[in-house]
Engineer: 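Have a look at the structure that comes next, please.
The analysis underlying the following values was restricted to heavy atoms, covering all of them including side chains, and did not include hydrogens, waters or symmetry mates.
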Amino acid sequence: GQLDTTCHAFVGETVVLPCTTTPPGELTLSKSMLYWQIGTSLVHFFQNGQDSLEGQDEKFQGRTSLFLDQMKHGNLSLKISNVQLWDDAEYSCIYRQNHQTKKSTIKLSVSAPPRIEDPPSPSEQNQIPSGSPMDVPRLAVLPLSFLLLVPLGLWHL
């Protein structure tokens, strides 16, 4: 199927993946099933009027919920809290009632959280570590000459 919509979220945010039935009307939730999945991986499952999460992918445990009070009016949207980078995928919303199946596909695009702290200024990056400037080159030269002497066979006790 083709993409119906794309959603964007940052890591750690809560996102709602939209899915509604048309035409709007009273749904008989006790006689319907709702699957949210990525490929064959079960993200959220609702049947017989209630959540049924035994087969839910463990990566989503405790992070998904439906709008139970709005479902009978056709709102089948899925809320995912604490979004992670691995949540970036194409989700299928599959609704079944009385041998009728409706499916929509929602792409979730997840980004790393925006950086708040400023990058270090150039002057901070060029500072010499504490200690006198003479300590730094000597420490760097010793191991290098030591490593060169051994393979050249100049190391005699």
Side-chain angles (χ1 to χ4, degrees), residues 1-131 133 135-137 139-140 143-144 147:
Q2 66 190 49
L3 275 181
D4 294 297
T5 188
T6 299
C7 296
H8 299 274
F10 289 112
V11 170
E13 287 184 338
T14 295
V15 68
V16 175
L17 303 182
C19 184
T20 54
T21 60
T22 51
E26 290 282 317
L27 301 181
T28 312
L29 296 179
S30 60
K31 296 180 181 163
S32 55
M33 289 191 287
L34 173 65
Y35 299 84
W36 274 95
Q37 55 193 59
I38 302 170
T40 58
S41 176
L42 189 63
V43 176
H44 201 99
F45 181 47
F46 179 92
Q47 69 174 348
N48 301 327
Q50 61 188 22
D51 287 333
S52 179
L53 303 177
E54 293 81 33
Q56 183 183 38
D57 187 316
E58 60 188 33
K59 291 190 301 224
F60 291 98
Q61 286 177 359
R63 298 196 299 125
T64 61
S65 60
L66 302 171
F67 297 89
L68 299 175
D69 55 333
Q70 300 170 30
M71 284 182 69
K72 65 176 182 280
H73 304 296
N75 183 355
L76 308 177
S77 302
L78 178 73
K79 182 162 81 172
I80 303 176
S81 57
N82 190 20
V83 169
Q84 299 299 316
L85 283 173
W86 62 72
D87 295 341
D88 188 300
E90 282 186 16
Y91 292 74
S92 297
C93 171
I94 303 164
Y95 178 75
R96 286 189 183 150
Q97 182 176 336
N98 303 334
H99 310 298
Q100 278 194 325
T101 301
K102 296 178 179 176
K103 177 179 177 180
S104 67
T105 306
I106 295 91
K107 169 88 176 89
L108 175 59
S109 178
V110 180
S111 309
R115 306 263 320 196
I116 298 167
E117 65 261 25
D118 296 328
S121 65
S123 64
E124 289 174 9
Q125 291 174 340
N126 296 334
Q127 284 181 340
I128 296 173
S130 59
D135 289 347
V136 180
L139 288 174
L144 186 61
L147 289 172

Engineer: What is the distance from atom OG1 of Thr20 to atom CD of Gln70, rounded to the nearest 0.5 Å?
Structural biologist: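 With rounding to 0.5 Å, OG1 (Thr20) is 11.0 Å from CD (Gln70).
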Engineer: Counting only N and O atoms by type, is there a donor-acceptor contact under 3.5 Å from the side chain of Gln84 to the main-chain atoms of Asn82?
Structural biologist: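 Judged by distance alone, yes, a pair lies under 3.5 Å.
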Engineer: Search all heavy atoms of Leu76 against all heavy atoms of Met71 and return the closest pair with its distance.
Structural biologist: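 For Leu76 versus Met71, the nearest heavy atoms are CD2-CE, 4.1 Å.
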Engineer: For the residue pair Ser77 and Val16, what are the closest heavy atoms and their distance?
Structural biologist: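 Here Ser77 and Val16 meet closest at CB-CG1, 3.8 Å.
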Engineer: Do the side chains of Lys107 and Asp4 get close enough for a salt bridge, i.e. N-O under 4.0 angstrom?
Structural biologist: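 A salt bridge is absent here (no side-chain N lies under 4.0 Å from a carboxylate O).
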Engineer: Report yes or no: do Asp57 and Ser41 form a side-chain donor-acceptor pair below 3.5 Å?
Structural biologist: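 Yes.
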Engineer: Which heavy-atom pair separates Ser111 from Leu85 by the least distance, and what is that distance?
Structural biologist: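 Nearest heavy atoms, Ser111 then Leu85: C-CD2, 4.1 Å.
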Engineer: With rounding to the nearest 0.5 angstrom, report the NE2 to CG distance, His44 to Asp51.
Structural biologist: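 Interatomic distance, His44 NE2 to Asp51 CG, rounded to 0.5 Å: 3.5 Å.
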Engineer: Can you tell if the side chain of Ile80 reaches within under 4.5 Å of the side chain of Trp36, non-hydrogen atoms only?
Structural biologist: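 No, side chains not in contact.
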Engineer: Check whether any side-chain heavy atom of Asp88 lies under 4.5 Å from a side-chain heavy atom of Trp86, and answer yes or no.
Structural biologist: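 A side-chain contact is absent here, since even the closest heavy-atom pair is not under 4.5 Å.
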Engineer: State the CG-CG distance between Leu42 and Leu53, to the nearest 0.5 angstrom.
Structural biologist: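 Going from the CG atom of Leu42 to the CG atom of Leu53 covers 8.0 Å.
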Engineer: Going by side chain to side chain contact (heavy atoms under 4.5 Å, CB included), Cys93 matches just one of Leu34, Leu78, Leu17. Which one?
Structural biologist: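 Going through Leu34, Leu78, Leu17 one by one, the side chain to side chain contact (heavy atoms under 4.5 Å, CB included) with Cys93 is satisfied by Leu34 alone.
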Engineer: Does Gln61 CD have over 12 foreign heavy atoms under 6.0 Å away?
Structural biologist: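 Check passes, neighbour count above 12.
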Engineer: Between the side chains of Gln47 and Ser32, does any donor sit under 3.5 Å from an acceptor?
Structural biologist: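 No, no side-chain donor-acceptor pair sits under 3.5 Å.
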Engineer: Check whether any side-chain heavy atom of Gln56 lies under 4.5 Å from a side-chain heavy atom of Phe45, and answer yes or no.
Structural biologist: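 Gln56 does not reach Phe45 side chain to side chain.
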Engineer: Is a side-chain donor or acceptor of Arg96 paired with a backbone partner of Thr101 at a separation under 3.5 angstrom?
Structural biologist: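 No, Arg96 side chain to Thr101 backbone: no donor-acceptor pair under 3.5 Å.
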Engineer: Specify the closest pair of heavy atoms between Val15 and Cys7, including all atoms of both residues, with the distance to one decimal.
Structural biologist: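 In terms of heavy atoms, the two residues are closest at CG2-CB, 4.3 Å.
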Engineer: List the atom of Ser92, the atom of Lys103, and the distance in Å for their closest heavy-atom pair.
Structural biologist: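 Heavy-atom minimum between the residues: OG-CE, 3.4 Å.
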Engineer: What distance do Ser104 atom OG and Lys102 atom NZ have between them, rounded to the nearest 0.5 Å?
Structural biologist: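 Here the rounded value is 11.0 Å.
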Engineer: Should Tyr35 and Val43 be marked as a side-chain contact (heavy atoms from CB on, under 4.5 Å) after you check the CA-CA gap, both sets of side-chain angles, and the distance that decides it?
Structural biologist: CA-CA 8 Å; Tyr35 299 84; Val43 176; over 6 Å; no
Engineer: Calculate, to the nearest 0.5 Å, the distance between atoms CD1 and OH belonging to Ile106 and Tyr91 respectively.
Structural biologist: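 Nearest 0.5 Å value for the CD1-OH distance: 10.5 Å.
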Engineer: Do Thr5 and Pro18 touch side chain to side chain, with heavy atoms closer than 4.5 Å?
Structural biologist: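 A side-chain contact exists here, since the closest heavy-atom pair is under 4.5 Å.
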Engineer: Could you report the tightest heavy-atom contact between Leu29 and Lys72, atom names first, then the distance?
Structural biologist: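 Taking every non-hydrogen atom into account, CD1-N, 3.9 Å.
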Engineer: Salt bridge or not between Lys59 and Asp87? Use side-chain N to carboxylate O under 4.0 Å.
Structural biologist: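 Not counted as a salt bridge, because no side-chain N and carboxylate O are separated by less than 4.0 Å.
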Engineer: For Lys79 and Thr64, what are the C-alpha separation, side-chain angles and deciding distance, and is it a side-chain contact (heavy atoms from CB on, under 4.5 Å)?
Structural biologist: CA-CA 6 Å; Lys79 182 162 81 172; Thr64 61; over 6 Å; no
